[in-house]
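Values below: every heavy atom of this structure, side chains too, minus hydrogens, waters and symmetry copies. These numbers come from a predicted model, not from an experiment. Position 1 is the first residue of the sequence, and the numbers go up from there.
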Amino acid sequence: REFELPEKKLIKEMSRGMRMKFRLAAALAHKPDLLILDEATSGLDPVVRGEVLELLQAHVLNEGHSVLLSSHITADLEKTADSIAYIHKGRLLFQMDKDALLEQYGILRCPAAQMDALPAGLVVFRRSGAFGSEALVNGASQVRRLLPDAVLDRASIDEIMQFYTAKDKMGGTAQ
């Protein structure tokens, strides 16, 4: 009833979203301390995705319960995760508290000379294009103080992952 699943419908007759909710109900039935899910919301419509994420959030609100969610849908991670780990080609590129991650990183857009003047370690990875240079910076508040007139936008989890992946491809090491 809690999952609003039809009682007399066979699993093979259920929609993809209903099947996922059924699997989740079965997994949660024995009240596990740790629930490990791989791409749990992939292929679901936005309404069912939201319902599944709400169910997972309700599960972790019970003390001692955790969910490890592997997902390529970073919007789901931004909505639900406490901590983010990014594994690319078997290597951990970063892991940290989600709120700290989103606070600490930024996308800097300014002339290359200004980026070159930043202290070592602030620029994670830089790329240049037809419209100038942009970089993922680690230490957004410090960069704001050093370059108050530069454009420094909040970095999304998607952008952070894209910059770290580009850095990894170029042979850089994660900071």
Side-chain angles (χ1 to χ4, degrees), residues 20 34-61 65-175:
M20 176 47 74
L34 175 63
L35 190 59
I36 301 173
L37 302 171
D38 184 26
E39 300 295 343
T41 60
S42 180
L44 301 179
D45 69 63
V47 173
V48 175
R49 258 183 52 221
E51 290 173 356
V52 168
L53 293 173
E54 285 176 18
L55 291 167
L56 295 176
Q57 286 177 310
H59 178 67
V60 297
L61 286 177
H65 293 158
S66 298
V67 174
L68 175 65
L69 177 64
S70 170
S71 181
H72 290 89
I73 305 171
T74 57
D76 290 353
L77 301 176
E78 287 199 38
K79 187 186 282 187
T80 61
D82 293 325
S83 180
I84 304 283
Y86 181 45
I87 300 170
H88 178 68
K89 294 186 178 180
R91 291 185 44 225
L92 179 66
L93 297 186
F94 65 81
Q95 185 279 320
M96 63 190 303
D97 176 83
K98 178 195 68 182
D99 293 335
L101 179 80
L102 295 174
E103 173 100 8
Q104 186 172 324
Y105 286 90
I107 304 295
L108 176 64
R109 293 174 179 89
C110 66
Q114 284 183 308
M115 279 187 205
D116 292 341
L118 288 172
L122 286 180
V123 175
V124 174
F125 189 76
R126 174 167 125 184
R127 59 186 175 202
S128 298
F131 301 106
S133 294
E134 66 177 0
L136 176 69
V137 293
N138 182 353
S141 60
Q142 185 178 357
V143 171
R144 254 187 212 96
R145 283 192 305 276
L146 294 169
L147 300 174
D149 297 329
V151 175
L152 181 62
D153 295 320
R154 178 182 166 125
S156 68
I157 293 173
D158 266 348
E159 290 170 316
I160 295 168
M161 289 178 173
Q162 288 167 11
F163 271 94
Y164 266 95
T165 300
K167 179 178 184 167
D168 190 52
K169 283 180 183 176
M170 299 298 289
T173 55
Q175 297 177 351

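- The pair Asp82-Lys98 fails the salt-bridge criterion, with no side-chain N (NZ, NE, NH1 or NH2) lying under 4.0 Å from an Asp/Glu carboxylate O.
- Put simply, the side chain of Gln142 never gets that close to the backbone of Gly139: no donor and acceptor are under 3.5 Å apart.
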Quiz prompt | Criterion side-chain contact (heavy atoms from CB on, under 4.5 Å) on Ile73 and Arg49, from CA distance to verdict | solution = CA-CA 11 Å; Ile73 305 171; Arg49 258 183 52 221; 3.7 Å; yes
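- Annotation: side chain of His88 is not in contact with side chain of Met161 (no heavy-atom distance under 4.5 Å).
- In this structure, Ala135 and Val123 approach most closely via the heavy-atom pair CB-CG1, 3.8 Å.
- Checking side-chain atoms of His65 against main-chain N and O of His59 turns up a donor-acceptor pair under 3.5 Å.
- Contact record, Met20 with Leu44: CG-CD1, 4.0 Å, taken as the closest heavy-atom pair.
- Closest heavy-atom contact between Gly106 and Ala140: N-CB, 4.2 Å.
- Ring geometry, Tyr164 versus Tyr105: the interplanar angle exceeds 60°, so the pair is classed perpendicular (tilted spans 30 to 60°).
- Residues Ile160 and Ala155 approach most closely at CG1-CB, 3.8 Å, considering heavy atoms.
- Using a 4.5 Å heavy-atom cutoff, the side chains of Glu78 and Asp158 are not in contact.
- Atoms CD1 and CD, from Ile157 and Gln162 in turn, are 12.0 Å apart once rounded to the nearest 0.5 Å.
- Between Ile87 and Leu93 there is no side-chain heavy-atom pair separated by less than 4.5 Å.
- Within the structure, the salt bridge (charged side-chain N to carboxylate O under 4.0 Å, His left out) test picks out the following pairs touching residues 51-61 (sequence neighbours left out): Lys21-Glu51.
- With respect to Asp116 and Arg126, a salt bridge is recorded, a charged nitrogen being found less than 4.0 Å from a carboxylate O.
- We find the CD-CG distance between Gln114 and Leu146 to be 11.0 Å, quoted to the nearest 0.5 Å.
- By the 4.5 Å heavy-atom criterion applied to side chains, Ile84 and Met96 are not counted as neighbours.
- Taking CD from Gln104 and OG from Ser141, the interatomic distance works out to 8.5 Å, rounded to the nearest 0.5 Å.
- Residues Phe163 and Val124 form no side-chain contact, since every pair of their non-hydrogen atoms from C-beta on lies 4.5 Å or further apart.
- For the pair Asp153 and Arg109, the minimum side-chain heavy-atom distance is below 4.5 Å.
- Checked by atom type and distance alone, the side chain of Glu39 pairs as donor or acceptor with a backbone atom of His72 at under 3.5 Å.
- Separating the CG atom in Leu101 from the OH atom in Tyr86 is a distance of 12.5 Å, to the nearest 0.5 Å.
- In this structure, Leu53 CG and Thr80 OG1 are separated by 5.5 Å, a value rounded to the nearest 0.5 Å.
- Put simply, the residue from Leu68, Val67, Leu69 that forms a side-chain contact (heavy atoms from CB on, under 4.5 Å) with Ile36 is Leu68.
- At least one side-chain heavy atom of Leu35 sits under 4.5 Å from a side-chain heavy atom of Leu56.
- No hydrogens or angles considered: a donor-acceptor pair under 3.5 Å links the side chains of Ser70 and Asp38.
- With 3.5 Å as the limit, one finds no donor-acceptor pair spanning the side chains of Asp76 and Ser71.
- Of the residues Leu108, Val137, Leu122, the one that meets the side-chain contact (heavy atoms from CB on, under 4.5 Å) test with Leu147 is Leu108.
- Looking at Glu134 and Arg127, a side-chain N of the basic residue comes within less than 4.0 Å of a carboxylate O on the acidic one, giving a salt bridge.
- Contact between Glu159 and Ser156 at its shortest, heavy atoms only, is OE1-N, 2.9 Å.
- In this structure, the side chain of Thr74 does not engage the main chain of Leu77 through any donor-acceptor pair within 3.5 Å.
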